[in-house]
Structure formats: C-alpha cells, structure tokens
Amino acid sequence: MPAEIRHPKPVPDWETRVFWEGIRRHEILLQRCADCSAVQHRPRAICATCLSSRVEIFEASGRGTVHTYTVTHQNQAPAFRGSVPYVLAYVDLEEGVRVLTNIIGCEPGEVQIGMDVVVDFEDLDEETAVPRFRRA
Amino acid sequence: MSLSGKVALAGVYEHPTRWAPDKTDWQIMAESARGALEDCGLEKGDVDGLLAAGLGMGGLGIIQLSEYLDLKPRFVDSTNIGGSSFVAHVNHAAAAIHAGLCEVALILYGSTAASSAMAIGTGGQAGREPSAAFVAPYGLTTVGGYAMAAQLHMRRYGTTSEQLARIAVQTREHASLNPAAKMRKPITIEDVLASRVISDPLHLLDCCIISDGGGALIVTSTQRARDLRKRPVRLLGCGEAVWHQETGSPDLLTIAARQSGERAFEMAGLTPREIDLAMVYDSFTITVLLTLENLGFCKPGEGGPFVEGDRLSRTGGLPLNLDGGGLSSNHPGMRGIFLVIEAVKQLRGESGPRQVADPALALVHGTGGLLTTQHSGATLVLGAD
C-alpha cells in the first residue's frame, strides 16, 4: 500500500466554516438555494446560479462515483513528496456536485472511472478532519 | 464596427535565452522590448500602451515595469489568466488601439523559472484563494489536473498513450529545426512511453519543459504598421473565455477553446478548414489534443486519430507548433507570447528551416490555468497583410 497522505490542513474562512465543522462531525454539508433550488459546492454566502442570499444547508449521503482520476507519481510539495503514488480524483456525489478528493483504501491501480465510492473521514486532530473516498 | 483587420502585429521578439541565472525577469522583459522595437523600427518613445503578466509580477507589477522601462503609458493592462495571458493581451491592446486609447502597445513577458528552480508542474496547487481549502489537502498538481482530463478522454473515446505521444514526437521534430530550442534531439513514440509516469496517464515526455525566457510584441493600427519595417500581420479575429467546473457538473472535456475559438472564427469570418498553421499551447500533449477538438479542427473524441501520421508536421495538413512548443523549445511558466511570435514569423516567412510554405492564415490558441479545475482560453486568427 502507498504511504499515508499527510494532508496540509484545510483553512476555513467565514463562508466555509460551517462546512468544515460538519466534516469534523463526519457530515458532508452541501448547499441548496431556497429560491432556485440549485445545489452547490464549495460553500458560498450566495447562490452562484441566481445570486440569492437564501442558501440552505443539507447533509449529503456521502455516496458517489469516480468521474475521473490520476495516479500521482510526482509532487514536489513537501507535504506530498513522500506520499506518492496517491490517487487524485473527481467524485460525482449523488446530489449532483463534483468534488476534488483522494481515493484511498485500495491499490492505486484498482481505481476505475465509474467506480462507486463512499466518503471516509480522516481526523487530523481534535479540530480538523478531511473527507476522502474509498470503494463502496 | 468590427475590429477585424484594423489592428496588426508590427514587431515581435523572442528572447534567445533558455537559461539565465545572471538575469532578472525585468531584464529579460526590457531586452525583449528592445528587440521588438528594433524588429519594427519604432522607438521607445512611440510606446503609449503597456501590457504584461508574469509569475513574479504582483498586483502593482505593471507600475513597477513602467518605472523600470521609464515609460508613462496611457493604457495599461496586467490581466493574468495564466499562460494564455499574452494572447488575451493582444485582444485587449487591439481593442484599446481601435478605440483610440493608445496607438502603440508593447506586450512583455520575462521569466527565470528554470534558473530559479521553480517546480511549475509538480509543485502543488494551494494558494490563498477562497477555494484553496478544498484543494490543498488532496495534492492537486498542474500536471494532475491535465492528467485527469487525459484519463477521461482515454476512457470515453479509446484514445491511446501512443496517440498522445505522437504530438510530443512531432513537436520535437520541429524543435530540431529551431536552433534556439532547448530540446532538439529527435524522440520516438517508444521514448515517450518509456519515460517515467509523472501523473498517470501522462509521462515525462508528455509534459512541457521548464526553461527561462521571455519575449515582446508590438501592436498598432494596420495603417501605421504598413509604414514600419516589417510586413504587418493583421488580427482578423479574437476571442476569450473562462471555464470552470465547480458549479454544476459540466463536461470536463469541453474547454474554454470551444467558446473563444467560436468567437475568433466568427469575427474573422473564417473556419478551421481555411487555417494554414496552428500555434496551440502545449503544456501537455493532452492540452493540444483537446484544443484541436474544441476549436473544431476535428470532432470531439476524434483527436487521437487526428494527430496520428504526419498531419501536424511542417508539410502536413495542419502544421502545428513549428518552434518546438513548450514540449521542446521553451516554457518559462506562461508561454502564450511565444505562440504569437512564431505565428507572426511564419506569416512573414521568417522561420528559416522550419518555415511552412507560403502561409496566409494562422491560428493561435492559449490555455491558462488548470484544464479540469479552472482555466482560460484566448484565440487569435492572424492573417498576412
């Protein structure tokens, strides 16, 4: 198995704080516009579709499929230098948004486009967690 | 009133350096400015518009550059949309000249990416922009962004690594005819496939090189350009687009070139079929393939077969990246300016051993940013006067 990825910590700002607090509780929180019903991610204070401020939060199922991926063999950033090879991927969530993530828990060569995946939360410390995905 | 044909590239200069530990970005820009002015016979005092972007230029960089060159321009633009910036600068300069905001615009680029040991493609992507928290934990690299597009293209259309490699092989063949190119030794498809995988499915030789370098463009009205030293190259069409995938789930294989290309061809009143040569940003082999599809040179999914054989060679149906591109000639981080320079030289008939026979129309397309996440496209259709 490849070495564990030691994530740089995500740094929330006031627009994304609620999302990262959800991740810490192991919940993926997405946004839906109360005016136009558009679902969006990453979180914003406004609906990017209609510019309404009436943006509501709901919990996603955590299930999705691999839209595309790459097995990264070279990353010179210090946090990732020792973690290659690792799988960088876009996952389409059931709710209709696409997220950048890693696929973990299997050999990189086993990952396929279209593979069903489910969220896996890694607790970095008491304050911070990061969502990644593994085969469903 | 349409811009088409009213404005021209009057002067160009590509800095010959590929390795300049003894120079600064500013110095390379200034030396390039001198070269482009000599090319067209104008003087520094004629310049009243200044446009530039660079990895080392901060928010006030255009003012610092004005001071460095002792220019007091009445039109400035430091739009930075990645490597395509300088192609977009041509559009912006043309609009400004057409509107009477300036008469002679100088577009500059200089970078010491190689001698400063910058890890451009594999250095990780995590800035201070609002989305950084959603990128930084996952190890997105520039090459990784493009590799995910390549993976999807292969899965959906059956495109092969051999087909992508053909682009690198052809580009190297052109570089072998360019004395200034950094990598000139011919390579084979087998060489590309045997080079190490950087981000699956892209190999080392699917990726652009890193070099130092820079260049300059001088844009003015076609009328004024006709009185200058070199035959003008007219701007017949131009277009820009910004594309991103975060909201909704758009198709990752539709890129900004689709929109910027349509806009440029519409303004020019031309189609891809009429183009004699193309200069297309080749950050990676997949960038070229997707750009050709999205500009309409072939249909979506047909890029793999399209680039096979000799079609992209100097004597083929669509001569491409005749200077040796970013894959083999030079890539100091943002190479859009070199696309314009080579297209102009080709249309003037100044490209020596790599010259295409009597081209009348050239297409230039720059891609900036990361193809799968957020990127920009800028397209020019250029014509010999």
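Residue numbering restarts at 1 for every chain, and letters A, B, ... go by the order of the sequence lines. These figures come from a predicted structure and were not determined experimentally. In what follows, every heavy atom counts, from backbone to side chain, and hydrogens, waters and symmetry copies are set aside.
- Closest heavy-atom contact between B/G139 and A/N75: O-ND2, 3.7 Å.
- Remark: B/M183 CE is loosely packed, at most 12 non-hydrogen atoms of other residues, nucleotides or ligands lying under 6.0 Å away.
- You'll find the ring centres of A/Y86 and B/Y138 outside the 6.0 Å limit.
- Once rounded to the nearest 0.5 Å, the distance linking CG of A/L88 with CG of B/D200 reads 11.5 Å.
- Only the backbone of A/A89 comes within contact range of chain B, with heavy atoms under 4.5 Å apart.
- Between A/Y90 and B/L152 there is no side-chain heavy-atom pair separated by less than 4.5 Å.
- Ring-plane geometry between B/F134 and A/F19 is classed as tilted, the angle between the planes lying from 30 to 60 degrees on a 0 to 90 degree scale.
- For B/R155 (side chain) and A/G114 (main-chain N/O), no donor-acceptor pair under 3.5 Å exists by modelled atom type.
- Annotation for B/S199 and A/T70: closest pair OG-OG1, 2.8 Å, computed over non-hydrogen atoms.
- With a 4.5 angstrom heavy-atom cutoff, A/P78 does not touch chain B via any of its atoms.
- The distance from the CG atom of A/L100 to the OG1 atom of B/T372 is 8.0 Å, given to the nearest 0.5 Å.
- The main-chain N or O of B/M148 is found under 3.5 Å from a side-chain atom of A/T68 such that the two form a donor-acceptor pair.
- When each of A/H67, A/Q74, A/R81 is scored by its heavy-atom pairs under 4.5 Å with chain B, the top score falls to A/Q74.
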